[in-house]
Amino acid sequence: DSGVTQTPKHLITATGQRVTLRCSPRSGDLSVYWYQQSLDQGLQFLIQYYNGEERAKGNILERFSAQQFPDLHSELNLSSLELGDSALYFCASSVGQGMFSPLHFGNGTRLTVT
Amino acid sequence: GENVEQHPSTLSVQEGDSAVIKCTYSDSASNYFPWYKQELGKRPQLIIDIRSNVGEKKDQRIAVTLNKTAKHFSLHITETQPEDSAVYFCAANYGGSQGNLIFGKGTKLSVKP
């Protein structure tokens with residue numbers, strides 16, 4: 001168990017809808033990262049938050065947004081969903097201070113858009 | 001832009017043989033290079049990492065080497081076992097110590113008994 005909790009585990013929704021994915025980082029970790037993994041694809045970096053502030057942005061679509069709350073949990077919002085958004089979405093967390101520290105991944109949320 | 005190239009994309013070896021996976025990165029400021037193993041349907045798990053102040057690190061059957069001049073790093077698995085079969089991802093950090101990890105596209109390793 002990595003200590004990173006993601007909910008829900010599975011999500012099935014229709015095109016055009018909006019969903020929210022939730023992540024609770026490991027205790028003590030200040031950085032939260034979101035990654036998208038499509039079928040047979042690598043891990044695409046979406047966005048990073050550090051202690052409540054956006055720190056880095058990757059290939060995140062404008063239809064997607066995220067935030068990190070004062071209690072350090074994070075949510076990834078996906079709107080106007082398309083079939084191509086079907087993927088496994090991972091959250092990861094790290095200490096985020098000083099030297100770069102290892103990422104610890106949650107078990108992911110599998111999103112299916114029909 | 002930020003990029004990590006990983007080769008090969010698939011690798012098949014006989015049990016007991018060695019496996020080598022190679023990665024290159026583009027940002028000369030990168031200083032942290034982890035390797036993750038992802039079994040089917042599971043989360044990526046860190047297996048070994050190396051920082052730029054060392055050239056090699058070993059942990060039992062796994063070793064990682066780093067050539068900062070050439071911006072190359074490699075994963076070496078010796079005496080492979082069927083349970084080593086998985087997808088392996090290399091990564092490099094961008095944006096300094098508070099930055100993010102960019103991953104390679106992965107190598108699917110199959111170890112045949």
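Below, read A as the first sequence line, B as the second, and so on, with proteins coming before strands; counting in each chain starts at 1. If you're wondering where the values come from, they're calculated on a predicted model, not measured in any experiment.
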Is any NZ, NE, NH1 or NH2 atom of the basic residue among [X] and [Y] found under 4.0 Å from an Asp or Glu carboxylate oxygen of the other?
X	Y	answer
B/D27	B/K71	no
A/R63	A/E82	yes
B/K37	B/E39	yes

(message) Just verifying a value: how many Å separate A/Y50 OH and A/S93 OG, rounded to the nearest 0.5 Å?
(response)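 Those atoms lie 13.0 Å apart.
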At a 4.5 Å cut-off on heavy atoms, which part of [X] comes close to chain A: side chain, backbone, both, or neither?
X	answer
B/Q45	neither
B/P34	neither
B/L46	side chain

(message) Main chain of A/L30, side chain of A/Q68: is a donor-acceptor contact present, judged purely on distance under 3.5 Å?
(response)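 Judged by distance alone, yes, a pair lies under 3.5 Å.
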(request) Side chain from CB out, backbone as N, CA, C, O: work out which of these in A/F105 comes under 4.5 Å of a heavy atom of chain B, or both, or neither. (result)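 Both parts, backbone and side chain.
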(message) Report which part of A/S2 has an atom under 4.5 Å of a heavy atom belonging to chain B: side chain, backbone, both, or neither.
(response)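 Contact with chain B is through both the backbone and side chain of A/S2.
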